[in-house]
Amino acid sequence: MVFWFFAGICVGGFLGWLLYLSARRESVQLDEEMQHLQQEKQIVVEFMHNMVESTGQGLSRRELFQRIVHAAVLSTGALSACAYERTSDDQLRGVAVEGLFPPQRLLPGEEGTAAPATRAKFLEQVLKAENYAMGEGLIGSVARSAKAVLVADAQKDPRVVVHADPSLVVRSLIVAPILFHQQVLGVLAVANPTDDVAFNEADFSLVQSLAEQAALALHNVELMRVQIEKSKLDFDLSIASSVQGLLLPRSFPTNAALEMDALYNTAQQVGGDLYDIFPLNGARVGVAVADVSGKGVSASLLMAICQTNLRHFARMHDSPAEVLRCINREMAGEIPEKMFITIIYAIVDTAKDEITLARAGHELPLLLHLDAASGHLQVNTIGSEGMALGMVPPEVFDLVIADQTVAFAKDDVLVLYTDGVTEALNAEGEEFSSGRLADSLKYLRQHSPKEMNQGILENVKSFAGASAPYDDITLVTIRHT
């Protein structure tokens with residue numbers, strides 16, 4: 001009886017000792033897992049800090065990719081890493097490499113015995129050779145599936161390319177997509193741990209976390225680039241708008257025989273139109289409307305040069321055609337290729353009751369006239385030949401352009417405009433046209449030039465409906481009183 005009692009005590013003690021050892025092992029394992037998690041968290045935090053610093057330094061995408069692979073090698077203890085960027089045509093192009101990363105395609109000329117002559121040459125070959133389509137090879141399949149792959153024993157995995165060079169042997173490999181909001185930006189691959197121990201699930205989790213943070217950094221760099229470009233564009237537009245504001249006249253010449261108004265409505269922040277009204281000697285007034293084939297700072301500066309030349313040569317010549325010839329010759333070397341300026345310049349002479357004008361590729365002006373004898377209201381175009389400034393050599397321009405003189409009687413109305421008026425489109429794609437502009441002039445003929453301009457603009461907007469204006473609208477209206 002005593003024997004069985006002591007035997008029970010011994011067995012119970014032994015079982016308790018086994019339970020204690022099991023609990024201790026579980027506790028140690030739990031502590032190790034917690035330590036691994038803490039280490040991974042610390043590595044990820046340091047990687048994030050590195051990426052934030054890189055983003056703040058204004059690095060290019062290629063430079064940031066290089067930082068990513070460098071940080072991945074340091075964080076994982078891998079011998080090498082490579083990053084692939086997804087291009088616009090859905091190719092995965094090798095953009096950054098750290099260490100001797102084994103390519104996942106046989107190098108050009110490799111026959112199973114050749115080895116790279118130097119490491120530098122090898123790296124050059126890698127960057128040129130590593131280019132995959134989506135779904136091609138291990139790199140492409142990870143990009144297509146958007147799921148990371150752990151290849152613990154790469155030498156037994158048929159997906160891993162085998163090279164004859166011993167320095168290119170892949171023992172263990174992790175490939176993870178660089179993914180932001182379900183969009184694959186690239187692929188991060190790390191190869192061969194330094195301790196010769198295969199990558200495990202902890203390493204796999206770490207690389208996936210690094211790829212996630214890399215995706216965020218790449219997104220932020222792109223976002224920053226867009227913001228910088230937008231800021232530059234806004235600055236350019238602000239300058240252009242200021243230049244344009246200085247060009248447009250703030251008041252009109254005083255002439256008792258004339259009533260005039262100008263309207264300028266831009267489709268964007270900065271337009272490509274110009275108008276000018278300035279006094280000449282005697283009872284004459286110079287009027288010009290121009291349209292440059294472009295927008296922004298360059299267009300505004302070009303218009304400024306054009307206006308300066310216009311006023312300069314207008315005081316030297318009484319012929320509008322000669323003024324435009326001089327402007328074209330002066331600006332021949334200043335108008336960039338594929339840009340040109342259409343312009344119409346008119347001299348209104350109230351002492352002679354006539355208008356003399358020349359037109360360099362611009363829209364034909366309209367003249368509203370009421371025949372006193374018949375009471376018939378007419379809206380006629382004033383035709384004249386001419387080509388745009390900067391479009392042809394001066395010798396060709398000079399031959400084509402010519403003055404045109406017409407009568408300008410009491411109550412007649414002259415309208416100069418840009419193609420933003422007549423070419424405004426409605427929902428059916430139909431243009432407002434010069435015919436509708438003429439009808440608007442007839443309807444508004446009893447109103448002041450300012451009211452006529454506003455009425456024409458309202459008619460154009462009503463015709464176009466909800467369609468946003470695609471071009472600037474400029475109107476200069478002058479009534480002989």
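All values derive from a computational prediction rather than experimental measurement.
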Report summary line: Hits for ring-ring contact (aromatic ring centres under 6.0 Å, His included) against Y417, two or more places apart or cross-chain, chain-then-number order -> none
Report task. Please confirm whether the backbone N or O of A72 pairs with a side-chain atom of T76, one donor and one acceptor, at under 3.5 Å? Result -> yes
Requested in this report: Assess whether salt bridge (Lys or Arg N to Asp or Glu O under 4.0 Å) is satisfied between R67 and E98, documenting all intermediate values.
Outcome: CA-CA 9 Å; R67 290 283 184 93; E98 181 89 1; over 6 Å; no
Report summary line: All heavy atoms of A133 vs all of L92, minimum pair found to be O-CD1, 4.5 Å
Report task. Could you grab the distance from atom OG1 of T477 to atom CG of N453, nearest 0.5 Å is fine? Result -> 3.5 Å
Query raised in the report: Do you know the tightest heavy-atom contact between G361 and T342?
Result: O-CG2, 3.5 Å
Report task. Drop me the distance from D349's CG to D318's CG, to the nearest 0.5 angstrom. Result -> 9.5 Å
Query raised in the report: What's the verdict on side chain to side chain contact (heavy atoms under 4.5 Å, CB included) for T422 and S434, showing C-alpha distance, side-chain angles and the deciding distance?
Result: CA-CA 5 Å; T422 53; S434 58; 4.3 Å; yes
**Report entry** Side-chain (T481) to main-chain (A257) donor-acceptor, under 3.5 angstrom
**Finding:** yes
Report task. Mark yes or no for whether N328, through its side chain, and G390, through its backbone, hold a donor-acceptor pair below 3.5 Å. Result -> yes
Requested in this report: Just do the side chain to side chain contact (heavy atoms under 4.5 Å, CB included) check on T474 and L416 with the steps written out, would you?
Outcome: CA-CA 8 Å; T474 299; L416 308 182; over 6 Å; no
Query raised in the report: When rounded to the nearest 0.5 angstrom, what distance separates NE2 in H317 from CD1 in I347?
Result: 11.0 Å
**Report entry** For R144, all residues meeting salt bridge (charged side-chain N to carboxylate O under 4.0 Å, His left out), sequence neighbours excluded
**Finding:** none
Report task. Kindly say whether S209 contributes a backbone atom to a donor-acceptor pair with the side chain of E212 at under 3.5 angstrom? Result -> no
**Report entry** Nearest-0.5 Å distance that lies between atom CE in M316 and atom SG in C326
**Finding:** 6.5 Å
Query raised in the report: Is it the case that N309 and E330 place a side-chain donor and acceptor less than 3.5 Å from each other?
Result: no
**Report entry** For S440 against N459, the heavy-atom pair lying closest together
**Finding:** OG-ND2, 3.0 Å
Query - Any residue meeting side-chain hydrogen bond (donor to acceptor under 3.5 Å, both in side chains) with N255, in chain and number order, not counting sequence neighbours - result: none
Query - Under 3.5 Å: donor-acceptor pair, side chain of Q66, backbone of V97 - result: yes
Query raised in the report: Given the rule in the side chain to side chain contact (heavy atoms under 4.5 Å, CB included) test, do L475 and I456 qualify, once you have shown the distances and angles that lead to the verdict?
Result: CA-CA 9 Å; L475 285 161; I456 293 170; 3.7 Å; yes
Query raised in the report: Can you tell me if T356 and T405 form a side-chain donor-acceptor pair at under 3.5 Å?
Result: yes
**Report entry** Any donor-acceptor pair under 3.5 Å from Q307 side chain to A304 backbone
**Finding:** no
Requested in this report: Starting from the C-alpha separation in whole Å, work towards a yes-or-no answer on side chain to side chain contact (heavy atoms under 4.5 Å, CB included) for Q378 and L368.
Outcome: CA-CA 6 Å; Q378 301 173 337; L368 177 68; over 6 Å; no
Query raised in the report: Does L367 reach the side chain of V379, with side-chain heavy atoms less than 4.5 Å apart?
Result: no
**Report entry** Sequence-distant partners of R86, side-chain hydrogen bond (donor to acceptor under 3.5 Å, both in side chains), two or more places apart
**Finding:** D90
**Report entry** ring-ring contact (aromatic ring centres under 6.0 Å, His included) contacts touching residues 344-393 (sequence neighbours left out)
**Finding:** none
Query raised in the report: Is any side-chain heavy atom of S80 closer than 4.5 Å to a side-chain heavy atom of V73?
Result: no
Query raised in the report: So, do I139 and C82 sit near enough that their side-chain heavy atoms are less than 4.5 Å apart?
Result: no
Report summary line: Here the pair of heavy atoms bringing S293 nearest to M339 is OG-CA, 3.3 Å
Query raised in the report: Got a salt bridge between D412 and R479, using NZ or NE/NH1/NH2 to carboxylate O under 4.0 Å?
Result: no
Query raised in the report: Residues two or more places apart in sequence or in another chain: which of them pass salt bridge (charged side-chain N to carboxylate O under 4.0 Å, His left out) with E334?
Result: none
Query - Close side-chain approach of F278 to V285, heavy-atom, < 4.5 Å - result: no
Query raised in the report: Just checking, any donor-acceptor pair under 3.5 angstrom between side chains of D273 and T418?
Result: yes
Query raised in the report: Roughly how far, to the nearest 0.5 Å, is the CG atom of L444 from the CD atom of E458?
Result: 10.5 Å
Requested in this report: Identify the two heavy atoms, one from N131 and one from E136, that lie closest to each other, and give their separation to 0.1 Å.
Outcome: O-OE1, 4.4 Å
Query - Heavy-atom closest pair, residues L210 and S75 - result: CD1-CB, 3.8 Å
Query raised in the report: Any side-chain heavy-atom pair from V292 and L274 closer than 4.5 angstrom?
Result: no
Query raised in the report: Is there a side-chain contact between Q213 and L216, using heavy atoms and a 4.5 Å cut-off?
Result: yes
Query raised in the report: Okay, side chain of R359, backbone of D403: is any donor-acceptor separation there less than 3.5 Å?
Result: no
Requested in this report: Could you list the residues that satisfy ring-ring contact (aromatic ring centres under 6.0 Å, His included) with F432, not counting sequence neighbours?
Outcome: F463
Query raised in the report: Under a 4.5 Å cut-off applied to non-hydrogen side-chain atoms, are L310 and I327 in contact?
Result: yes
Query raised in the report: Got I401 and R325 here, is their nearest side-chain heavy-atom distance under 4.5 Å?
Result: yes
Query raised in the report: Looking at residues at least two apart in the chain, or sitting in another chain, which of them share a ring-ring contact (aromatic ring centres under 6.0 Å, His included) with F180?
Result: H219
Report task. Hey, could you give me each pair passing salt bridge (Lys or Arg N to Asp or Glu O under 4.0 Å) that has a residue in residues 376-400? Not counting sequence neighbours. Result -> R329-D398
Report summary line: Contacts of H447 meeting ring-ring contact (aromatic ring centres under 6.0 Å, His included) (sequence neighbours excluded), chain-then-number -> none
Query - Point-to-point distance, once rounded to the nearest 0.5 Å, from CD1 of I277 to CE of M260 - result: 6.5 Å
Query raised in the report: Judged by atom type as modelled, is there a donor-acceptor pair below 3.5 Å linking the side chain of T381 to the main-chain atoms of L366?
Result: no
**Report entry** Pairs involving residues 386-408, ordered by first then second residue, that meet ring-ring contact (aromatic ring centres under 6.0 Å, His included) (sequence neighbours left out)
**Finding:** F408-H480
Query - Contacts of D411 that satisfy side-chain hydrogen bond (donor to acceptor under 3.5 Å, both in side chains) - sequence neighbours left out - result: none
Report task. Check whether any side-chain N or O of T350 sits under 3.5 Å from a backbone N or O of D353 as a donor-acceptor pair, and report yes or no. Result -> no
